[in-house]
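Reviewing the structure listed below.
Numbers for residues simply follow the sequence, beginning at 1. All of these numbers come straight from a predicted model, not from anything done at the bench.
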Amino acid sequence: MAATTARTERGIDLSDLAFWARPPHEREAAFAALRAREHPQFFRELKLPFIRGGPGYYALVRHADVVAASRTPEVFSSEPCANSIADMPGYLARYFGSMINMDDPRHARLRRIVSRAFTPRVLAKLEEDLRAEAVRIVDDVLADGPGDFVTDVAARLPVRVICDMMGIPEQDRPMVYDRTNIILGLGDPEYAGGIRFARDGITRTGVLYGLTKVMTAGYELNHLAMKLARRRRRDPGDDLVSALVRANVDGEALTDQEIGSFFILLVVAGNETTRNAMTHGLKLLTDNPEQRALLLEDFEGRIGGAVEEIVRMATPVIQFRRTVTRDHELNGHRFRAGDKVLLFYNSANRDETVFDAPDVFDITRSPNPHVGFGGPGPHFCLGANLARREITVMFRELFGRLPGIRAAGEPDRLYSNFINGIKHLPFTF
């Protein structure tokens, strides 16, 4: 297939930042049009100063393609970079690399270390802590009244849980929350303030400012992790940083820099995705009162399906990148070694060939083979079960004590082609 940009086909250009500022229903319609095309579509990369880009990438938008690529990591590699369309420059990779940008066997060895903090036994022990924090959050909501669901509710539980797991001191937690917003908010004026969307255009000064903020946030989180690592070498505990300090991979201990990269990956993933799923969940249950009534009629019996459907509809992480290691045919298209592909989980989760009425929110949907936690394979989300527990515990407490809680307006959405985030959502009860 000729490498033509989608701008010439139905006016769609996934590399245009303005596309990601369009209303969700317009973006979903664009992805539906892409799914209807015979082969994966090629998009030219957005050219940004200070970042060395490439010619472009293919968008995998069908559920079958995303699943197939996820299950074939020897062809669709996470190296050299999975969390950035452009190869990440060294000044950023030192902070934002880690196992997300690795293939097996090294990825598997590192994942085994971290997975000790996410076993069913460990998560079962966390249940009471989760419930206690959810009680505190709802107590505060009752005392303070309606407000911003993101800051008052959704962000608080995952921040506390992941910080407790990592052994982060209480006084450092507001900084962790703020810096994770900056890292995933590159492009959004409220958080990074650098790479602007179509209204302001893209300037060298703006990109430099945004990259500097993101790099500074990475440095500060990295520095915090290295301090914790040094402390745990002297005085180990039962937290995740202690486990990383004791870890041995390929006969070598992890360096402080590697521990810092791990730390950033875990706090960013542990905070942002769960809080966004919770926030999307409240909006979905507000906009679909019949589904809300169905859930409250039998909360324990239906919350499991509700969580899966919320994650499907929200898809907090929009896409990850893979790089083709050798010539390979998928969906009738011949990929060449070195090609970049983006796995668009948001599109796969609305695939009409897999989900009946994919734009309908249905908490009884079964089966629900969504890829909201990533596709099957070695990079499936390590914290998926923790996220499920957090959403369940928080909604149980909210709807048990505030059955009238609902969104009171439209969400203020994050401008991003990576995270389907909500920055603010007014709520009442």
Side chain to side chain contact (heavy atoms under 4.5 Å, CB included) assessment of Arg275 paired with Val150 | CA-CA 7 Å; Arg275 93 178 195 198; Val150 175; 4.0 Å; yes
With sequence neighbours left out, what residues match Glu45 under side chain to side chain contact (heavy atoms under 4.5 Å, CB included)?
-> Tyr57, Ile85, Ala86, Lys340
Reference residue Arg389; test salt bridge (charged side-chain N to carboxylate O under 4.0 Å, His left out); the match among Glu128, Glu127, Glu133 | Glu127
Can you name the salt bridge (Lys or Arg N to Asp or Glu O under 4.0 Å) partners of Asp129, sequence neighbours left out?
-> none
Is the backbone of [Y] close enough, under 3.5 Å, to the side chain of [X] for a donor and an acceptor to pair up by distance?
X	Y	value
Asn222	Gly218	no
Asn420	Val317	no
Asn331	His333	no

Identify the two heavy atoms, one from His107 and one from Pro378, that lie closest to each other, and give their separation to 0.1 Å.
-> CE1-O, 3.0 Å
Please work out which of the three classes, parallel, tilted or perpendicular, describes the rings of [Y] and [X], given edges at 30° and 60°.
X	Y	result
Tyr219	His223	parallel
Phe299	Phe399	tilted
Phe429	Phe427	parallel

In terms of side-chain geometry, is the basic nitrogen of [X] or [Y] positioned less than 4.0 Å from the acidic oxygen of its partner?
X	Y	result
Asp87	Arg321	yes
Asp139	Arg401	yes
Arg312	Glu308	no

Look up atom CZ in Arg365 and atom CD in Glu309, then write down how far apart they are to the nearest 0.5 Å.
-> 4.5 Å
Interatomic distance, Asn346 atom CG to Asp351 atom CG [nearest 0.5 angstrom] | 11.5 Å
Does the ring center of Phe320 lie less than 6.0 Å from the ring center of His379?
-> no
Phe344: ring-ring contact (aromatic ring centres under 6.0 Å, His included) partners, not counting sequence neighbours = Phe31
Apply the side-chain hydrogen bond (donor to acceptor under 3.5 Å, both in side chains) test between Lys283 and each candidate in Thr279, Asp287, Thr286; give the one that qualifies.
-> Asp287
Could you list the residues that satisfy side-chain hydrogen bond (donor to acceptor under 3.5 Å, both in side chains) with Arg35, not counting sequence neighbours?
-> Ser347, Glu352
Name all residues meeting the side-chain hydrogen bond (donor to acceptor under 3.5 Å, both in side chains) criterion together with Thr119; count only those two or more places apart in sequence or in a different chain, and write none if there are none.
-> none
Tell me, with the steps shown, if Glu390 and Met278 meet side chain to side chain contact (heavy atoms under 4.5 Å, CB included).
-> CA-CA 9 Å; Glu390 289 178 343; Met278 286 183 191; 4.0 Å; yes
Run through Leu398, Thr428, Val141 and flag the one making a side chain to side chain contact (heavy atoms under 4.5 Å, CB included) with Phe149.
-> Leu398
Which donor-acceptor pairs under 3.5 Å do the side chains of residues 66-77 make with protein atoms, sequence neighbours left out?
| residue | atom | partner | partner atom | Å |
| --- | --- | --- | --- | --- |
| Ser70 | OG | Val66 | O | 2.7 |
| Thr72 | OG1 | Ala68 | O | 2.6 |
| Ser77 | OG | Glu79 | N | 2.9 |
| Ser77 | OG | Glu79 | O | 3.2 |
| Ser77 | OG | Asp103 | OD2 | 2.4 |

